[in-house]
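Reviewing the structure listed below.
Here, residue 1 is the first one in the sequence, and each next residue gets the next number.
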Amino acid sequence: MARKTVNAQTTIADTVRVVGIGVHNGQEVTLTLHPADADTGIVFVRTEAVQGRDVEIPALWSHVSATDLCTMVGDPERASVATIEHLMAALRGLGVDNLVIEIDGPEVPVMDGSSDAFIEAIDQVGLVTQTARRRFIRVLKRVRIELGSGWAELRPYEGQRYEVTIDFPDAVIGRQSIGIDLSPQVFREQVARARTFGFVKDLEKLLPLGLCRGSSLENSVAIKDDRVLNPEGLRWADEFVRHKLLDAIGDLALSGAPLLGLYRSYRGGHRMNHLTLKALLADPTAWELVEAPSRSAAAPAAEIGIGIGMVAPAWAAEVA
């Protein structure tokens, strides 16, 4: 298949559905991903959420309403969508700019706890390039957030780079670090299959609160007494930090355009990811909106981490 230009906006080539359960409410939910026109961005549509009417919720930092345990957009009292980070990471990782996502419940399905099922769905229909050029948010100066013993920052960088460090007292995790320059290939090979994780002691506290009802060894890495309970073990020795990296990519995808810059965090999480992005975009001197160069002047895709349309077989989703 011929390579497509890397400086144009993209959408998916056809409609595709993903069905699964929410990790918190345990209810079955269907996602229907639709192609969208250039400059649409990523938009969630809660079907029949208010008096039988659909409600549109842009996947933007300004619509974030909660960052406890997951990232939520929309109004929780009216219509919202929770646990969006794994799907958003897949879209940013593959370079999908425009998409309408219909969802018939309040929570994106957790699938296997990673971005893998969403990538399989997108691969099943493939990407198409559009006539509009892609735009980027270029970081112009450092922006930093500190919360307790953790911190996160965005710095100028010629590309899309992420450096994440976690530090847990539990021996099974400990201190882990990872750094990548984001591209579709790197995301697929090093990040996408990293699963969410949690401690059994915390689960026992959350269940009475109506949370984590859909959590199981099929969609989470469970830790108890300094050991992993999943029979298959870990997908990487450092799967924990890889998943935190996946979360950061998904949370920062709510910028509305790919970030040209370096994101670094130590003991971060959804709240810190969101606050750092919010601090950047609240300061008009810290960033600028730039358009992708013409094809003749464009940098290689691997250098700037921009998605290229591709098609590959997958069997976890239904094409409509």
Less than 4.5 Å apart, any side-chain heavy atom of Arg161 and any of Leu182?
no
Is it the case that the side chain of Asp116 and the backbone of Arg193 share a donor-acceptor pair, with hydrogens and angles ignored and the cut-off at 3.5 Å?
no
Show me the side-chain donor-acceptor pairs of residues 265-274 shorter than 3.5 Å, one per line, residues at least two apart or across chains.
unit_1 : atom_1 : unit_2 : atom_2 : d
Tyr266 : OH     : Asp167 : OD2    : 2.8
Arg267 : NE     : Asp167 : O      : 3.4
Arg267 : NH1    : Ser149 : OG     : 3.1
His270 : ND1    : Thr71  : OG1    : 3.4
His270 : ND1    : Asp251 : OD2    : 2.8
Asn273 : OD1    : Tyr263 : OH     : 2.7
Asn273 : ND2    : Asp251 : OD2    : 2.8
Asn273 : ND2    : Gly269 : O      : 3.1

So Trp151 and Arg264, do their side chains get closer than 4.5 Å, heavy atoms only?
yes
Give the cluster check for Val45 versus Met72: same hydrophobic cluster or not, with ILVMFWY residues linked at side-chain heavy-atom distances below 4.5 Å.
no
Are the side chain of Thr196 and the backbone of Gly113 linked by a donor-acceptor contact shorter than 3.5 Å?
no
Sequence neighbours left out, what passes ring-ring contact (aromatic ring centres under 6.0 Å, His included) with Phe240? Give chain and number order.
Phe197
Val221 vs Leu234, side chain to side chain contact (heavy atoms under 4.5 Å, CB included): CA-CA, chis, key distance, verdict:
CA-CA 8 Å; Val221 176; Leu234 298 173; 3.8 Å; yes
If you define the side chain from C-beta out and look only at heavy atoms, does anything of Glu153 sit under 4.5 Å from Ile145?
no
Treat each ILVMFWY residue as a node, draw an edge where side-chain heavy atoms are under 4.5 Å apart, and state whether Leu262 and Leu281 are in one component.
no
Looking at Glu239 and Arg195, would you say the former's side chain and the latter's main chain have a donor-acceptor pair under 3.5 Å?
yes
Just by modelled atom types, is the Ser114 backbone N or O under 3.5 Å from a matching donor or acceptor in the Asp112 side chain?
yes
Measure the shortest side-chain to side-chain distance between Leu252 and Leu259 over non-hydrogen atoms and say whether it is less than 4.5 angstrom.
yes
Supply the atom-to-atom distance Glu48 CD to Asp54 CG, rounded to the nearest 0.5 angstrom.
6.5 Å
Give the minimum heavy-atom separation between Leu91 and Ile122, together with the two atoms involved.
CD2-CD1, 3.7 Å
Hydrophobic cluster membership, with links at side-chain heavy-atom distances under 4.5 Å among I/L/V/M/F/W/Y: are Leu275 and Ile137 in one?
no
pair Leu217-Pro231: side-chain heavy atoms closer than 4.5 Å
yes
How about Ile119 and Phe187: do any of their side-chain heavy atoms sit closer than 4.5 Å?
yes
Is it the case that the side chain of Ser220 and the backbone of Ala222 share a donor-acceptor pair, with hydrogens and angles ignored and the cut-off at 3.5 Å?
no
Side-chain contact test, heavy atoms from C-beta onward, threshold under 4.5 Å: evaluate it for Leu254 versus Leu60 and give yes or no.
no
Table please: side-chain donor-acceptor pairs of residues 98-109 below 3.5 Å, with sequence neighbours left out.
unit_1 : atom_1 : unit_2 : atom_2 : d
Asn98  : OD1    : Asp39  : N      : 3.3
Asn98  : OD1    : Thr40  : N      : 3.1
Asn98  : OD1    : Gly41  : N      : 2.8
Asn98  : ND2    : Gln9   : OE1    : 2.9
Asn98  : ND2    : Gln130 : OE1    : 2.7
Glu102 : OE1    : His34  : NE2    : 3.3
Asp104 : OD1    : Thr30  : N      : 2.8
Glu107 : OE1    : His24  : N      : 3.4
Glu107 : OE1    : Asn25  : N      : 3.1
Glu107 : OE2    : Val23  : N      : 3.2
Glu107 : OE2    : His24  : N      : 3.0
Glu107 : OE2    : Thr83  : OG1    : 3.0

Taking atom CD of Glu77 as the centre, report whether more than 12 heavy atoms of other residues, nucleotides or ligands fall under 6.0 Å from it.
no
Nearest-0.5 Å distance that lies between atom CD in Gln160 and atom CZ in Arg92:
7.0 Å
Under a 3.5 Å distance rule, please check whether Arg242 uses its side chain to pair with a backbone N or O of Gln190 as donor and acceptor.
yes
Is there a continuous path of hydrophobic side-chain contacts, each under 4.5 Å between heavy atoms, that joins Tyr157 to Val191?
no
Do Leu87 and Val81 come within less than 4.5 Å of each other through their side chains, counting heavy atoms only?
no
Looking at Arg135 and Glu288, is any side-chain nitrogen of the basic one under 4.0 Å from a carboxylate oxygen of the acidic one?
no
Same apolar cluster: Val228 and Phe199, side chain cutoff 4.5 Å:
yes
